[in-house]
Amino acid sequence: MPTGTLLLIDDEPRLRQLLARVLELEGYTILQAPDARRGLELLEQHAEEVLVVISDVKLPDANGVELLPRLKAKSPDCEIILLTAFGTIADGVKAMKQGAFDYLTKGDFEQQLVVVVDRAAEKSRLRRRVTELERRVGHRHSFSSMIGSSPALRRAQSLGEQVAATDSTVLLEGPTGSGKELFAQAIHEASPRKLKSFVAVNCSAFPRELLESELFGYKKGAFTGALTDKRGLLEEANGGTLFLDEIGELELNVQAKFLRVLELQQFTKLGDTKPTNVNVRLVAATNRNLKHEATEGRFRPDLYYRLSVFTINVPPLKDRATDVPALADFFLQYFAAKLSKRLPGLEDECLRLLQRYEWPGNVRELKNVLERAAILAPADQPLSAAYLPDEFHALLAPATTGTPSPDDCTLRAVEARHIQQQLHKAQGNKTEAARQLGIGLTTLYRKLQEYGLQA
């Protein structure tokens, strides 16, 4: 039975009581208002609880369509259903453009009202979940909000929490997709600079000839096309934190300018003759071995030693296998909410596959896999391994393969031979082979692994 709070705004007491009774029998809690003023007051008081507002179009003190933006302003995640005695197509179109969930005509809405309200309430719940999930994965991060409790993650978090209170430069080392920017943001949020800007720069995303001007800015006339002065990202981060991702991509001459920033907190813009002073904390990240790069002459040793004052190794996902279930469930529910789809969790076999996978793309790859699965999977069913990518299963296939000997007449051997024959007939198409065998695709994958068969 559905639950939640609804707000009814209608100046006809008998109709309002009738609707309230019908919806209460469906499990909803009903708030009632006779006019727009009282409706807005109630919505402001119960904005966190009200899922759906059902409002008459013709109210004593307002027009319901014109009231829509004011209701949305009080509670952006609630859905609004308008009722009218004399509906027109033009009014309906205007209401939908203003953000109404539906527009019903009195007299013939009784049969559909409950269905429409249920749909609207479910959409409101999903919007609230998306809002909450986006808040958790948004720009304001903390170490406590990180998902996982593996020893490798906890060690990195502990180091991050200790260095955050200082102004020391931090170097984050770890493979692509492991969450280095998340760590950088958490360090900023836990630092005294948290009220100032956090500016993130991916050094590999800019053409090398443009990166210097983006970082340091330039003066008018510094080069052809420099028609005005330009503030660089270092100035934008003044008082806060500058995060340089993939710092190993910096050219040697830019590295020299950054060394001066670290030593003196100043730099000279292109086309300028006077230094610019800044107060920034630098957090850098790399997936390279910068010490080796410095030895080979591809990175300035003096800059490396200034950067590596405090180094944190952000662990790859393969070293955090115990964190995979929590991460997978989080991403699945996040994308399910964005797709307005119910996905109650993951099947045990699907979870086992996720934990056994090596994750060369780390947390970013896990997020992408779950987004794809959420799109493909049917609603109201736990996520099956069938919705993981084909190459996923191939990578997890056991190294030992082969078909049992024809002389082996055990039930296990007969079944293994029959599966291999059907795979051969289906030319390796596992979906078709599973159909011919009369089993689910997930079961076929399990049998292939169990018998060590080649797919």
Side-chain angles (χ1 to χ4, degrees), residues 133 135-194 198 200 202-203 240-248 262 281-295 299 303-331 334 351-352 354-370:
L133 290 167
R135 184 191 66 79
R136 292 177 60 189
V137 298
H139 292 294
R140 297 186 65 82
H141 297 275
S142 67
F143 289 107
S144 62
S145 69
M146 290 184 181
I147 299 170
S149 57
S150 62
L153 179 63
R154 290 302 181 205
R155 281 195 298 273
Q157 286 176 318
S158 176
L159 290 172
E161 288 168 345
Q162 291 177 68
V163 76
T166 74
D167 262 344
S168 295
T169 301
V170 181
L171 178 62
L172 301 172
E173 296 183 329
T176 299
S178 57
K180 298 188 290 294
E181 184 167 350
L182 180 66
F183 262 82
Q185 289 173 315
I187 289 170
H188 174 73
E189 288 293 324
S191 76
R193 297 174 178 265
K194 64 181 179 180
F198 174 86
N202 187 331
C203 299
T241 302
L242 178 68
F243 172 57
L244 290 183
D245 197 8
E246 305 302 345
I247 194 170
L262 291 178
R281 194 236 188 110
L282 181 66
V283 179
T286 182
N287 60 8
R288 299 184 183 184
N289 184 332
L290 283 192
K291 187 173 184 179
H292 176 72
E293 296 283 298
T295 302
F299 199 86
L303 179 58
Y304 167 70
Y305 291 120
R306 290 303 302 262
L307 289 174
S308 60
V309 171
F310 199 97
T311 301
I312 300 175
N313 291 302
V314 180
L317 191 54
K318 67 180 181 180
D319 293 344
R320 300 173 50 194
T322 56
D323 294 338
V324 170
L327 285 164
D329 185 66
F330 174 80
F331 288 130
Y334 175 71
L351 195 52
R352 282 196 297 271
L354 293 176
Q355 286 187 281
R356 289 177 58 191
Y357 188 59
E358 287 293 317
W359 296 112
N362 296 291
V363 178
R364 186 179 298 133
E365 184 184 7
L366 174 62
K367 181 180 178 181
N368 293 342
V369 166
L370 269 297

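Predicted model only: the values in this text are computed from it and were never measured.
Using a 4.5 Å cut-off on side-chain heavy atoms (C-beta onward), Phe183 and Met146 make contact. Side-chain contact check for Asn313 versus Leu159: every heavy-atom pair is 4.5 Å or farther apart. Between Thr311 and Glu173 there is a side-chain heavy-atom pair separated by less than 4.5 Å. Side-chain atoms of Phe299 and Lys291, non-hydrogen and from C-beta on, never get closer than 4.5 Å to each other. In this structure, the side chains of Gln185 and Thr241 stay at 4.5 Å or more apart for every pair of heavy atoms. Contact check for Ser158 versus Arg154: no side-chain heavy atoms found under the 4.5 Å cut-off. When side chains are defined from C-beta on, Glu181 does not count as touching Leu172, because their heavy atoms never get closer than 4.5 Å. When side chains are defined from C-beta on, Val363 counts as touching Arg320, because their heavy atoms get closer than 4.5 Å.
Within the model, atoms CG of Leu370 and OH of Tyr334 stand 13.0 Å from one another, a figure rounded to the nearest 0.5 Å. Interatomic distance, Ile147 CD1 to Phe331 CZ, rounded to the nearest 0.5 Å: 6.0 Å. The structure places CG of Leu244 at 11.0 Å from CG of Leu171, a figure rounded to the nearest 0.5 Å. Note that CZ of Arg281 and OG1 of Thr169 are 7.5 Å apart. Values are rounded to the nearest 0.5 Å. Taken to the nearest 0.5 Å, the CG atom of Leu290 stands 8.5 Å off from the CG atom of Leu303. Here CG of Leu182 is found 9.0 Å from OG of Ser142. Values are rounded to the nearest 0.5 Å.
For the pair Lys180 (side chain) and Pro175 (backbone), a donor-acceptor distance under 3.5 Å is present.
Smallest separation of non-hydrogen atoms from Ala294 and Tyr304: CB-CB, 4.5 Å. Of all the heavy atoms in Pro316 and Ser178, the pair that sits closest is CA-CB, 4.4 Å. Thr322 and Ser150 make their closest contact through OG1-CB, 3.4 Å (heavy atoms, listed as atom of the first residue, atom of the second, distance). Across all non-hydrogen atoms, the minimal contact from Phe243 to Ala284 is CE1-C, 4.3 Å. Across all non-hydrogen atoms, the minimal contact from Phe143 to Ala190 is CE1-CB, 4.3 Å.
Under 3.5 Å, the side chains of Gln355 and Arg352 contain no donor-acceptor pair of N or O atoms.
Relative ring orientation between Tyr357 and Trp359 is described as perpendicular, the plane-to-plane angle rising above 60° on a 0-90° scale split at 30° and 60°.
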Could you walk me through whether Leu354 and Leu327 pass the side-chain contact (heavy atoms from CB on, under 4.5 Å) check? CA-CA 10 Å; Leu354 293 176; Leu327 285 164; over 6 Å; no
Please walk me through it: do Val283 and His188 pass side-chain contact (heavy atoms from CB on, under 4.5 Å)? CA-CA 9 Å; Val283 179; His188 174 73; over 6 Å; no
